[in-house]
Amino acid sequence: MATIKGIAVAPGLASGIVHVVGARVDKAPHWTLRRSEIDSELERLERAISIVDERLERQRAFVERASGAQEAGIFAVHQMVLKDPSAKDSVVEAIRLERINAESAVQSLVARLRHTMGKLEGDSVRDYAADVSEPWRVVLDELLERDREQVVSTETEVILAAEELSPQVVTFMNPRRILAIVTTTGGRFSHGAVLARAFGIPCVVGLPNLLSRLEQGMNLLVDGDSGQIQLDPTDKDTEVFEVARERRQARRKALIRVAAKPARTKDGGVLGVHVNLESLRDLGTFDPDHCDGVGLLRTEFLYMERTQFPSEEEQFRLYRRVVDHFNGKPVVFRTLDLGGDKQLPYFKLPDEENPALGWRGLRITLEWQDLMRVQLRAILRAGASGPVRILLPMVTSVSEVTQVREVLEGTQAQLRSQGYDIPDRVDLGVMLEVPSSLMILRDLVKVADFVSVGTNDLVQYLLAVDRDNPFVAKLYEPCHPAIIRSLAYIGKICQEAGCPSTVCGDIAGEYVVALMLLGMGFDGVSVSPHFLAEVRLGVRSTTMDRVRSLVEDLQPLVSEKQILDVLEKLKTELHEELEKGLQ
Ligand code: PEP
Ligand code: MG
């Protein structure tokens, strides 16, 4: 039996057998085929090639429409590369004669293409080498998707173990069959972690050498609260663990029973407690009465769950389902926030040296306004069924907001002229995630109808700590004094300007942090479904005086340790009151 300590990213306890998802991309698995398997392996290869070819065709047509034939030329070149008979013949031959699996044969071809082209002189040739191998690299990815299918179709309940927790893996799996997730890399605020929390799946990441220590089918105990996992536990360990799990479940049930009561302090202060949604699958996991609406719908995950760009009609139907589900409570739709680890399976963004500082969020949709228009049309049309708001990710300047406002007004006018029933006005909000947005906050609140603080990104940009990088995970501290003071500043400026403000980053799910935000003047928080009940109960257990004095106590502190101690002390003080609220 061994215990490994990692980073706790999604709460909960789980015990079960582990299902290991294999290594990805550059380490394609290699195996020898039986003679009888050769034909089906060749079929797999053909299928992967034709999927990639169709995808390239769609991308070519899309880019041609958006930016012209010249820009789209690269996709046509990739299609030609894929159809080059000599390349394909070499793969087929390797499968037939060497009897190796398709992944391994394609990987050799990619290496060969890179090697031969790389030998020619000059950087541009090297770029070209990367280009000609690219479509085959995508075929390799496609073949490797097998891993994903295995996860999706796993029949028994398992604990999923993987090298990394990409949003794609989480998006495509069936959450009902996944008891917990454990991974070697990843951070507390990476998007895979956000999704695990949304689906209520206990999750621990940053577990060193995890995969080499596991065997398929091994028993595991996963503690998503403390970040500890136990490999091959004894019966006694499992017994003790099960008792703790049952106790935890009983508390959870008690919390759910009181979750419909709104978040009002004993002296009448109100905090809006909204929910963060990533998938329509989340809708069935909690009661809409347990929140005041949707504070953040990460629409990119709805795009990710598909095999091609959703049309306006499809988006409209999805969005209207959410609006109907919340029955009069507002739904905040964040426009498509792609980039970094959020990639669409059918549309590959360019590889970037530094994606967090690259082409992402609003930068993409402002450049490709067709994408934005279709989405705005769908949101506005869904607005006929209930209150909707629009939120912009990764805003860095006032002019970005005014540009979107223009597109929005044009879209509204167009829809009206086409006879659609849309709301008279729809609020346009700004996410505060980038330091520049704080420096120009007094100007932003003049052009925005509301703001929502995305602390997941704000922390990474203010502290210069990659939210996905386990090597710096210890430095990713949302309770750093710079973050606490920034939040206090935002709360104050928004209150002075009369601009509604919420925090939708995952920090707000910790109820004492939500209390702090209430004390800072925020109107609301938006949290994963799992945290709704405790945040509401926490607010009911205290007073405005108490949360304001908490903020005063925190302001002068100079270390995260001091801040965490003060928050922990408050938790201890409120414990009794909170438990009383559960009776
Ligand atoms: C954030 O950055 O805090 C946020 C809510 O957006 P995301 O986690 O999707 O980047
Ligand atoms: Mg963000």
Side-chain angles (χ1 to χ4, degrees), residues 10 21 24-25 51-52 54-55 58-59 62 138 141-142 144-149 151-153 160 162 164-176 178 181 183 186 189-199 201 203 276-283 285 294 296-319 321-322 333-352 355-356 358-365 368 370-372 374-375 378-379 391 393-394 454 456-457 467-468 504 506 528:
V21 181
R24 282 181 51 83
V25 198
I51 288 173
V52 173
E54 276 168 32
R55 196 180 302 155
R58 273 201 307 277
Q59 290 175 337
F62 183 84
V138 183
D141 274 352
E142 193 55 47
L144 289 165
E145 293 298 281
R146 255 167 60 100
D147 284 336
R148 193 170 74 191
E149 280 160 20
V151 176
V152 179
S153 62
L160 183 71
E164 59 168 346
L165 182 63
S166 73
Q168 284 79 1
V169 168
V170 187
T171 300
F172 280 89
M173 71 194 186
N174 179 351
R176 270 192 295 274
I178 309 294
I181 304 173
T183 69
F189 296 90
S190 58
H191 288 103
V194 167
L195 286 176
R197 278 194 287 274
F199 294 147
I201 302 173
C203 178
N276 288 349
L277 284 186
E278 283 75 36
S279 165
L280 265 56
R281 289 186 282 174
D282 304 355
L283 292 181
T285 63
V294 180
L296 172 69
L297 178 61
R298 290 178 161 102
T299 59
E300 58 278 7
F301 289 102
L302 304 181
Y303 284 63
M304 255 183 227
E305 288 180 340
R306 320 188 73 78
T307 52
Q308 53 184 306
F309 274 112
S311 65
E312 177 184 324
E313 272 321 298
E314 281 174 285
Q315 290 188 53
F316 165 63
R317 280 199 298 273
L318 291 173
Y319 299 165
R321 254 182 73 195
V322 181
F333 289 87
R334 179 172 73 183
T335 59
L336 191 59
D337 184 22
L338 292 178
D341 65 345
K342 288 191 282 195
Q343 300 278 344
L344 300 178
Y346 46 88
F347 192 75
K348 192 176 175 310
L349 291 167
D351 288 332
E352 294 176 290
W359 204 44
R360 53 167 301 189
L362 190 56
R363 296 169 183 180
I364 296 179
T365 44
W368 291 23
D370 278 0
L371 276 180
M372 186 191 290
V374 170
Q375 185 168 39
I379 298 170
L391 180 61
M394 290 293 292
N456 301 344
D457 274 314
R467 65 194 263 191
D468 300 321
C504 63
D506 282 67
S528 284

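All figures in this text were calculated on a predicted structure; none of them were measured in a lab. Note: hydrogens, waters and symmetry copies are ignored here, and every other heavy atom, side chains too, is used.
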Exercise for the section: Taking the side chain as every heavy atom from C-beta outward, state whether Leu277 and Leu283 have any pair of such atoms under 4.5 Å apart. Expected result: yes
Completion exercise
CG (Asp341) and CZ (Arg360) are apart, to the nearest 0.5 Å, by 8.0 Å
Practice task
Could you tell me whether Lys342 and Asp337 make a salt bridge, using a distance below 4.0 angstrom between a side-chain N and a carboxylate O?
Solution key: yes
Handout entry: Arg467: salt bridge (charged side-chain N to carboxylate O under 4.0 Å, His left out) partners, not counting sequence neighbours
Key = Asp457
Fill in the blank from the handout: What one should report as the nearest heavy-atom pair of Gly361 and Pro393 is CA-CG, 4.3 Å
Fill in the blank from the handout: Heavy atoms of Ser279 and Leu302 approach each other most closely as CA-CD2, 3.9 Å
Problem - Partner of Glu278 by salt bridge (charged side-chain N to carboxylate O under 4.0 Å, His left out), out of Arg197, Arg298, Arg334 - result: Arg298
Handout entry: Aromatic plane relationship, Tyr319 with Phe333 - under 30° parallel, 30 to 60° tilted, over 60° perpendicular
Key = tilted
Problem - Separation between SG of Cys504 and CG of Leu297, rounded to the nearest 0.5 Å - result: 11.5 Å
Fill in the blank from the handout: Nearest heavy-atom approach of Pro310 to Tyr303 is CD-CD2, 3.6 Å
Problem - Spacing of CG belonging to Asn276 relative to CG belonging to Asn456, to within rounding of 0.5 Å - result: 8.5 Å
Handout entry: N-O pairing of Glu142 and Arg55 below 4.0 Å
Key = yes
Problem - Between CZ on residue Phe309 and CG on residue Leu371, distance to nearest 0.5 Å - result: 5.0 Å
Problem - Leu362 and Met372, any side-chain heavy atoms less than 4.5 Å apart - result: yes
Handout entry: Partners meeting side-chain hydrogen bond (donor to acceptor under 3.5 Å, both in side chains) with Glu314 (sequence neighbours left out)
Key = Arg306, Ser311
Fill in the blank from the handout: d(Leu280 CG, Arg317 CZ) to nearest 0.5 Å is 12.0 Å
Practice task
Tell me, with the steps shown, if Ile364 and Leu336 meet side-chain contact (heavy atoms from CB on, under 4.5 Å).
Solution key: CA-CA 9 Å; Ile364 296 179; Leu336 191 59; over 6 Å; no
Practice task
Please name the pair of heavy atoms, one in Gln315 and one in Ala378, separated by the smallest distance, quoted to 0.1 Å.
Solution key: CB-CB, 3.6 Å
Fill in the blank from the handout: Sequence neighbours excluded, the answer for salt bridge (charged side-chain N to carboxylate O under 4.0 Å, His left out) partners of Arg363 is none
Handout entry: Minimum heavy-atom distance Gly340-Gln343, with the two atoms named
Key = O-NE2, 3.1 Å
